[in-house]
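One-based numbering along the sequence shown.
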Amino acid sequence: MSRILQVGLAGCAAVALTAMLTEPSEARIQCRGNFQVTKYGLLATPYCEEEQIAFVARSYGSKVTAAQVHNDPLTKVYLCQTIGYDSRLKGSCAGYGPDSYAPSR
């Protein structure tokens, strides 16, 4: 095999590998509030609701990431119980917010 052919095959292999490893920019889930943007319109999803919880928590100064809310259910519960009164979280924290509990006696 000639040296030019070897370099050409190595170059083609490198280009193919790079193309397989790079992720298209449109593969990322896009959220608008509690709703996921799809080609059919907006769709309420738990993923986007958890993204919204993290966003609102950061606006109050909490240093929480969306990954923490996705991976740790107790983080979600804690945040909903502490800042669930915010109107931006009415859909996201429906079962965990402070207004979901019976009134105290």
**Study point:** ILVMFWY clustering at 4.5 Å (side-chain atoms), partners of F35
**Key:** V37, L42

**Study point:** Pairs meeting criterion disulfide (SG to SG under 2.5 Å) with involvement of residues 28-57, two or more places apart
**Key:** C31-C48

Revision key, fill the gap. So salt bridge (Lys or Arg N to Asp or Glu O under 4.0 Å) across residues 61-71, not counting sequence neighbours, yields none

Revision key, fill the gap. Contacts satisfying salt bridge (Lys or Arg N to Asp or Glu O under 4.0 Å) that involve residues 72-85 (not counting sequence neighbours) are E50-K76

Check residues 51-59 and write down every donor-acceptor pair under 3.5 Å in which the side-chain atom is one partner and the other belongs to a residue at least two apart or another chain.
| residue | atom | partner | partner atom | Å |
| --- | --- | --- | --- | --- |
| E51 | OE2 | Y47 | OH | 3.2 |
| E51 | OE2 | H70 | NE2 | 2.9 |
| R58 | NH1 | V64 | O | 3.3 |
| S59 | OG | V56 | O | 2.6 |
| S59 | OG | R88 | NH2 | 3.2 |

Revision key, fill the gap. Correct closest heavy-atom pair for L89 and I83 would be CD1-O, 3.4 Å

Study note, to complete from the structure: What one should report as the nearest heavy-atom pair of N34 and G91 is ND2-CA, 4.0 Å

Study note, to complete from the structure: Taken in chain and number order and not counting sequence neighbours, the residues that satisfy side chain to side chain donor-acceptor pair (under 3.5 Å) with Y60 are D86

